Amino acid sequence: MKKYTIILSVCLALGSSAFAQSGKPLFTNAIGVQAYTFRSSMPKATVAVLDTIKALGITELEGEGPKDMPKEQFKKLCDERGIKIPSVGAGYDDIVKDPQAIVKLAKTLGASYVMVAWIPHKKEFTLEDAKKAATDFNRVGKILKENGLTFCYHNHGYEFGKYEDGTLFDYIAKNTDPRYVSFEIDILWSFHGGQDPAQLINKYPSRMKLMHLKDIRKGVANDLTGGTDTRNDVALGTGQINIPEVLKAAKKAGIKHYFIEDESPSYSKQLPVTIAYIKSLKN
């Protein structure tokens with residue numbers, strides 16, 4: 001793991017010079033990361049991964065830790081490294097079936113937000129799927145709110161199929177109570193679903209609470225599948241998304257927690273480049 005950390009440090013140094021700009025920093029929030037980025041290494045080398053996260057200057061983590069590790073132990077390891085856990089994920093079926101169990105999970109880890117990243121559906125996401133989700137989200141969101149937590153739905157691209165004068169995502173937004181249901185915008189999946197992430201934030205500024213920072217390889221076509229080859233995840237600033245415009249919209253909307261999520265097999269090389277790019281951006 002020592003070699004791994006050294007490689008990251010070298011890449012970070014190289015990336016900083018490559019993206020240098022002048023002016024005031026555009027991104028001034030804490031840098032976070034989604035634990036799914038480390039899905040192959042976290043379960044096998046939790047301590048080493050957390051040490052690397054700390055070495056990268058990342059101070060926020062979204063995730064619950066390895067399944068076989070007690071949550072109290074995982075939180076202690078994060079606390080020892082100055083890593084906070086503002087948000088945790090929950091499966092749709094799990095939170096619908098037992099929201100109190102998810103409340104307990106979030107409280108144990110010290111999280112304020114709970115996000116659901118997938119709505120079960122068949123090949124095509126339909127109006128009926130959206131209606132059921134809106135009903136379920138209102139119910140569980142109310143329970144979370146009563147326990148001091150904020151429920152967020154994380155878009156995945158398939159929700160942007162056309163509906164009336166907008167999309168099925170618009171249907172979900174309009175038919176969920178803002179008191180109980182907010183959103184975590186994943187900018188890659190928004191873009192891949194045919195949306196402009198900055199415009200989507202501007203459309204629902206008060207509903208957007210969290211963000212997944214991701215970029216998609218140039219040349220990859222948009223669709224409504226909610227899926228693409230993980231190798232299409234690229235370092236921020238090297239893909240198709242206008243990251244500065246997204247961050248400006250997010251800042252205006254008041255989004256406070258940003259989590260880098262890199263699903264690519266090359267995440268260890270790309271993470272430092274992404275971080276250097278974010279830090280280099282100026283107003």
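Every heavy atom of this structure was used, including side-chain atoms; hydrogens, water molecules and symmetry mates were not. FYI, the numbering just counts along the sequence from 1. Everything numeric in this text was worked out from a predicted model, so none of it was measured.
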Atom pairs and distances, side-chain donor-acceptor, residues 188-200, under 3.5 Å, sequence neighbours left out:
| from | atom 1 | to | atom 2 | distance (Å) |
| --- | --- | --- | --- | --- |
| Ser190 | OG | Asn155 | ND2 | 3.0 |
| Ser190 | OG | Asp186 | O | 2.8 |
| His192 | NE2 | Ala221 | O | 3.3 |
| Asp196 | OD1 | Ala198 | N | 2.9 |
| Asp196 | OD1 | Gln199 | N | 3.3 |

**OP:** Using atom types as modelled and distance alone, determine if a side-chain donor or acceptor of Asp215 lies under 3.5 Å from a backbone N or O of Ile241.
**Re:** yes

Which side-chain N or O atoms in residues 106-116 pair as donor and acceptor under 3.5 Å with protein atoms at least two apart or in another chain?
| from | atom 1 | to | atom 2 | distance (Å) |
| --- | --- | --- | --- | --- |
| Lys107 | NZ | Asn147 | O | 2.6 |
| Thr108 | OG1 | Lys104 | O | 2.8 |

Original post:
Would Ile185 and Phe259 show up in the same hydrophobic cluster when neighbours are defined by side-chain heavy atoms closer than 4.5 Å?
Top reply: no

Subject >> With Asp79 via side chain to side chain donor-acceptor pair (under 3.5 Å) - residues at least two apart >> reply: Lys75

Subject >> Partner residues of Tyr180 under the ring-ring contact (aromatic ring centres under 6.0 Å, His included) criterion, sequence neighbours left out >> reply: none

**OP:** May I ask you to check whether over 12 heavy atoms, not counting those of Lys256, lie within 6.0 Å of atom NZ?
**Re:** no

Original post:
Are Ile83 and Ile31 connected, step by step, through hydrophobic side chains (Ile, Leu, Val, Met, Phe, Trp, Tyr) whose heavy atoms are closer than 4.5 Å?
Top reply: yes

Original post:
For residues 85-97, which residue pairs qualify under salt bridge (Lys or Arg N to Asp or Glu O under 4.0 Å), counting only residues two or more places apart or in two chains?
Top reply: none

Original post:
Between OG of Ser87 and CD of Glu184, what distance do you get to the nearest 0.5 Å?
Top reply: 5.5 Å

Subject >> same_hphob_cluster(Leu247, Val234) at 4.5 Å side-chain heavy-atom cutoff >> reply: no

Original post:
Cys78 and Leu61: which non-hydrogen atoms are nearest, and at how many Å?
Top reply: SG-CD2, 4.1 Å

Original post:
So, does Arg231 use its side chain to make a donor-acceptor pair with the main chain of Pro265 at under 3.5 Å?
Top reply: no

Subject >> Pairing residues for Arg217 by the side chain to side chain donor-acceptor pair (under 3.5 Å) criterion, not counting sequence neighbours >> reply: none

**OP:** If a pair satisfies side chain to side chain donor-acceptor pair (under 3.5 Å) and one of its residues is in residues 114-135, list it, with sequence neighbours excluded.
**Re:** Thr126-Asp129, Lys132-Asp136

Subject >> Shortest non-hydrogen separation from Gln240 to Lys218 and the atoms involved >> reply: CG-CA, 3.6 Å

Original post:
If you count the non-hydrogen atoms of other residues, nucleotides and ligands that lie under 6.0 Å from CZ in Arg39, is the total more than 12?
Top reply: yes

**OP:** Please report the shortest heavy-atom distance between Lys282 and Gly23, naming the atom on each side.
**Re:** CD-O, 3.2 Å

Original post:
Is there a side-chain contact between Thr150 and Leu144 (heavy atoms, below 4.5 Å)?
Top reply: no

Original post:
Is it true that Tyr36 and Ile260 fall in one hydrophobic cluster, defined by side-chain heavy atoms closer than 4.5 Å?
Top reply: no

**OP:** Start with the C-alpha gap between Phe160 and Phe125, add the side-chain angles, then the distance that decides, and say whether ring-ring contact (aromatic ring centres under 6.0 Å, His included) holds.
**Re:** CA-CA 9 Å; Phe160 298 113; Phe125 186 72; 9.8 Å; no

**OP:** Could you tell me whether the side chain of Ile95 reaches within less than 4.5 Å of the side chain of Phe151, counting heavy atoms only?
**Re:** yes

**OP:** Could you list the residues that satisfy side chain to side chain donor-acceptor pair (under 3.5 Å) with Tyr158, not counting sequence neighbours?
**Re:** Tyr153

Original post:
Tell me, which pairs form a salt bridge (Lys or Arg N to Asp or Glu O under 4.0 Å) where one or both residues lie in residues 60-74, sequence neighbours left out?
Top reply: none

Subject >> Pairs where residues 45-98 contributes a residue and the test ring-ring contact (aromatic ring centres under 6.0 Å, His included) is met, not counting sequence neighbours >> reply: Tyr92-Phe137

**OP:** Considering non-hydrogen atoms only, spot the tightest contact between Thr37 and Leu271 and give its length.
**Re:** CG2-CD1, 4.2 Å

Subject >> Hphob cluster co-occupancy, Ile255 + Leu210, side-chain heavy atoms under 4.5 angstrom >> reply: no

**OP:** Can you run down the salt bridge (Lys or Arg N to Asp or Glu O under 4.0 Å) pairs that involve residues 234-245, sequence neighbours left out, and say none if there aren't any?
**Re:** Glu245-Lys248

Original post:
Pairs in or reaching into residues 148-163: which pass salt bridge (Lys or Arg N to Asp or Glu O under 4.0 Å), with residues at least two apart or in two chains?
Top reply: none

